[in-house]
Peer 1: 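Got a structure here, written out as structure tokens. Questions coming.
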Amino acid sequence: MKKFLLMLGLLSALFAAAAPAKDVTLLNVSYDPTRELYRDINAAFVAQWKAQHGDAVTINMSHGGSGKQARSVVDGLPADVVTLALANDIDAVASRGLIAKDWQKRLPDNASPYTSTIVFLVRKGNPKSIKDWPDLIKPNIQVITPNPKTSGGARWNFLAAWGYALKQHGGNETKARAYVQALYQHVPVLDTGARGATNTFAQRGVGDVLVAWESEALLAQRELGKDTFDIVVPSISILAEPPVAVVDKNVDKHDTRAVAEAYVKFLYSPQAQAIEAKNFYRPRLSAVSAQFAAQFPKVNTFTINDVFGDWHQAQAKFFADGAIFDQIGPGH
Amino acid sequence: MNRPRRRPHWSRRIGHVLLVLAATAFLTIFLALPLAVVFVEAFRQGLRAYLSAIGQHEALMAIRLTLLVAAISVPLNVVFGVAAAWAMARFEFRGKALLGAFIDLPFSVSPVISGLVYVLLFGAQGWFGRWLELHDVKIIFAIPGLVLATIFITLPFVARELIPLMQSQGSDEEEAARVLGAGGWQMFFRVTLPNIRWALLYGVLLCNARAMGEFGAVSVVSGHIRGLTTTMPLEVEMLYNEYNYVGAFAVATLLALLALATLSIKALLEWRYGDEIAAHAPGGH
């Protein structure tokens, strides 16, 4: 019995040690490929906050497929800030009352401090000569893209492909659908997140082309060597706007609203915009864009509103249960 | 073994050799090579890179969390396992078959489902979500959730190890102790526990190995908050996803070493106390 009590004491000591320190702590729940970006952003923000207010802020990160992350926040992951891949995932959190419904109007540029687009990553020298969307459905081409059900990047990929086909065929939905269906027949594996797909393509060597975030493609080139991969910019792609929001219910509960709001505003500052550009996200500030112009190729883009109305409509039409992706995805 | 045998026909001997070769090749490809890869990749950039990868704050926190989760769930499963084995081996009661089925449930349910069940129960949208939130109790995406999921996954290991042994031992020695005037606890600590100690240790080892290595169930309830709710297997996946291959494989070597240590102690136990693990040999100690 004495031993048992001793053990109990030991355990409670361990628990006490595991409790967080007393300073302000924020949890940023983000999507898959932003790990490097927010590591740099957090360091800069922590230093700035310390200089301005003298308080120590700790920013914890959680990364995963955007849809899965939104689901976790709905299930109680105590996020102070969400920085996800697309507006619909933040809408999903907002629809449970955790975030004010007008969140996208509280910050500039649709609450998206940086943008990106969808490009192709191919093996060095482009051995299968993949130049544009039609090449993806040629015989013997294997395309790597994650699962749109769980990954935000994958949904941007899907919509980029659909938008291309729609424009190519003069707005003919049937032909767009046939193209996208053919595309998914070339997909051997659907990872749950963008980073998983990158690893499948880059590290495990599966597939001929990775349809990916531009930021992810540039990062893979930097991390794994310029001599291993080439980036191919298609004739047309989608302008991806990954949005950010403060999770109202959680910051009020944690008493962290001031820091959380400063944190998302910081993402628009010249300092943060430069960090975003360095991490291959396209900055909003024109001064910073000009500075990094060489890094980002010219891409002919359309927005989600141009082609699909808005995210809500696109989600319902393509990615809801039983919607178009379920009808034409792999295996159909 | 040493008895002289009739030389088998040459074709059977070739078959025999081929079979051994096939088994060895299979084991090499599926066990030895992956294990070797883990260590080769971990030390690819030298010992210094390996040590610094393990010394990272996040890696250390993951190791601490893994030890903490195992330190809570393994003792609880020892208590439950002994109690369940006792009940199953010593008593006849209604629903005994049902209890047996429940003990085996974690073996048959996918770990991801086990984790998801806790999210559905204790998540913010779950059955008890509102109540937990009102009382500011955190279970999912916090340490209690990790512990719960681990307990569920490792629940059968101790009980399943003890039940056949206690059944074959019977209750004669315990009854003798009671007749000679021993109390309940006295009987348990003086007679029952010594009889089952090696099998119990064996069960604890397996339980601990699984508790530290579990990925699926823990992944669902973790929330993947770096340095707070990531155990070692989750940390391995994260580091790998961050192109930090040395870091990922360095943490993986720790898990591999744990597995090797478990295996060695297990082999030792089987060799030294095999009779007491497989079945009780009367007066064998």
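Just so we're on the same page: letters track the sequence lines, and every chain starts at 1.
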Peer 1: How long is the gap from CD on A:Glu36 to CD on B:Glu242, to the nearest 0.5 Å?
Peer 2: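 It is 6.0 Å, given to the nearest 0.5 Å.
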Peer 1: What do you reckon, is NZ of A:Lys124 surrounded by more than 12 foreign heavy atoms closer than 6.0 Å?
Peer 2: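 Yes, because the 6.0 Å sphere around NZ of A:Lys124 holds more than 12 heavy atoms from other groups.
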Peer 1: Can you tell me which portion of A:Arg222 sits under 4.5 Å from chain B's heavy atoms? Options are side chain, backbone, both or neither.
Peer 2: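 For A:Arg222, neither part sits under 4.5 Å from chain B.
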Peer 1: Got more than 12 heavy atoms from elsewhere within 6.0 Å of CD, B:Gln125?
Peer 2: yes
Peer 1: Checking A:Leu77 against chain B: side chain, backbone, both or neither under 4.5 Å from a heavy atom?
Peer 2: both
Peer 1: Measuring heavy-atom distances to chain A, does B:Met61 have an atom under 4.5 Å in its side chain, in its backbone, in both, or in neither?
Peer 2: neither
Peer 1: Of all residues at least two apart in sequence or in a different chain, which pass the side chain to side chain donor-acceptor pair (under 3.5 Å) check with B:Arg190?
Peer 2: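 So B:Arg190 forms no side chain to side chain donor-acceptor pair (under 3.5 Å) with any residue.
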Peer 1: What parts of residues 64-71 of chain A touch chain B if we use heavy atoms and a cut-off under 4.5 Å?
Peer 2: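 Those residues of residues 64-71 of chain A which have a heavy atom under 4.5 Å from chain B are A:Lys68, A:Arg71.
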Peer 1: Report the residue from B:Tyr243, B:Tyr245, B:Tyr240 that forms a side chain to side chain donor-acceptor pair (under 3.5 Å) with A:Gln203.
Peer 2: B:Tyr245
Peer 1: How close do A:Asn60 and B:Arg226 get, heavy atom to heavy atom, and via which atoms?
Peer 2: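 In terms of heavy atoms, the two residues are closest at OD1-O, 4.0 Å.
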Peer 1: Hey, what do you get for OG (A:Ser30) to NE2 (B:His224), rounding to the nearest 0.5 Å?
Peer 2: 14.0 Å
Peer 1: Tell me which of these, A:Met61, A:Glu223, A:Arg195, A:Lys253, has more heavy-atom pairs under 4.5 Å with chain B than the rest.
Peer 2: A:Arg195
Peer 1: Would you say that more than 12 heavy atoms from the other residues, nucleotides or ligands in this model lie under 6.0 Å from the CZ of B:Arg130, or not?
Peer 2: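 Check fails, neighbour count at 12 or below.
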Peer 1: Using non-hydrogen atoms only, which part of A:Ala202 is less than 4.5 Å away from chain B: side chain, backbone, both, or neither?
Peer 2: neither
Peer 1: Give a yes or no on whether the backbone of B:Gly223 and the side-chain of A:Ser72 come within a donor-acceptor separation of less than 3.5 Å.
Peer 2: no
Peer 1: Just verifying a value: how many Å separate A:Asp75 CG and B:Ile140 CD1, rounded to the nearest 0.5 Å?
Peer 2: 8.5 Å
Peer 1: Would you find more than 12 non-hydrogen atoms of other residues, nucleotides or ligands less than 6.0 Å from A:Lys249 atom NZ?
Peer 2: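 No, NZ of A:Lys249 has 12 or fewer neighbouring heavy atoms, counting only those of other groups under 6.0 Å.
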